[in-house]
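For reference, positions follow the sequence shown, starting with 1.
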Amino acid sequence: MTITTTITVLAAAAMAPTGDTPPNEGPAAMDIKRKADLETVEGPEEYFTGKATITGQFKRDDPSRLTGAIVHFEPGARTAWHSHPLGQTLIVTEGVGWTQIDGGGKYEFYEGDILWCPADKKHWHGATPHEGMTHIALQETLDGKNVTWMEKVTDEEYHAELAKD
């Protein structure tokens, strides 16, 4: 038996249930939130234009700083301008959307794309006028805060031409 095989066998034995503790309890338990149990709420009108829903919003306990949710935008819906102290990752799971960093061009993105907005950059994102969009939003907290909301995106900003590059 090689060293790698021995380590693999020992690790598997250490992780095997003993019969005393169900596999989802105890100090090494996984926290599984079932889809049927996830809460869905309307995106607050002060932070969204149009209909957006937020599902499975979470915040991990210290020392983790991770927060996130699944956000669905109906056609024409979008966030207000906002920023995140440590940046934000968006994983697009359905549809087509638009995004823009303040002072930059407006860009289109698609299902399967992953977007990164750097720390403290004022930005917005949402669906296009004719197609909805869903993304997983991941960001971290800094001093207990994961987002700073600002003014709403105007119709002129939302309908501006896409960037050429």
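Not a single ring-ring contact (aromatic ring centres under 6.0 Å, His included) links His72 to another residue, sequence neighbours left out. Residues meeting the side chain to side chain contact (heavy atoms under 4.5 Å, CB included) test with Glu46, sequence neighbours left out: Pro44. For Glu45, the side chain to side chain contact (heavy atoms under 4.5 Å, CB included) partners at least two apart in sequence or on another chain are Lys152. Every residue two or more places apart in sequence or in another chain that forms a side-chain hydrogen bond (donor to acceptor under 3.5 Å, both in side chains) with Thr40 is listed here: Thr55. For Lys164, there are no side-chain hydrogen bond (donor to acceptor under 3.5 Å, both in side chains) partners two or more places apart in sequence or in a different chain. Residues that satisfy the side-chain hydrogen bond (donor to acceptor under 3.5 Å, both in side chains) test with Glu39, not counting sequence neighbours, are absent from this structure. Partners of Gln100 according to the side-chain hydrogen bond (donor to acceptor under 3.5 Å, both in side chains) rule, which considers only residues two or more places apart in sequence or in another chain, are Trp124. Listed by chain and number, the residues in a salt bridge (Lys or Arg N to Asp or Glu O under 4.0 Å) with Lys35 amount to none (sequence neighbours excluded).
Residue pairs satisfying the salt bridge (charged side-chain N to carboxylate O under 4.0 Å, His left out) criterion with at least one member in residues 107-131, sequence neighbours excluded, are listed as follows: Lys122-Glu151. Pairs of residues two or more places apart, or lying in two chains, that qualify as ring-ring contact (aromatic ring centres under 6.0 Å, His included) and include a residue from residues 97-119 are Trp98-Tyr158.
The two atoms that bring Pro129 and Pro75 nearest to each other are O-CB, 3.3 Å, heavy atoms only.
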Side-chain donor-acceptor contacts of residues 85-93 below 3.5 Å, not counting sequence neighbours, with atom names and distances?
from  : atom 1 : to     : atom 2 : distance (Å)
Gln88 : OE1    : His84  : NE2    : 3.2
Gln88 : OE1    : His123 : NE2    : 3.1
Gln88 : OE1    : His125 : NE2    : 3.2
Gln88 : NE2    : His84  : NE2    : 3.2
Gln88 : NE2    : Gln139 : OE1    : 2.9
Thr93 : OG1    : Thr134 : O      : 3.3

Donor-acceptor pairs are to be reported for all side-chain atoms of residues 140-148 against protein atoms at under 3.5 Å, with residues two or more places apart or in another chain.
from   : atom 1 : to    : atom 2 : distance (Å)
Asn146 : ND2    : Thr67 : OG1    : 2.9

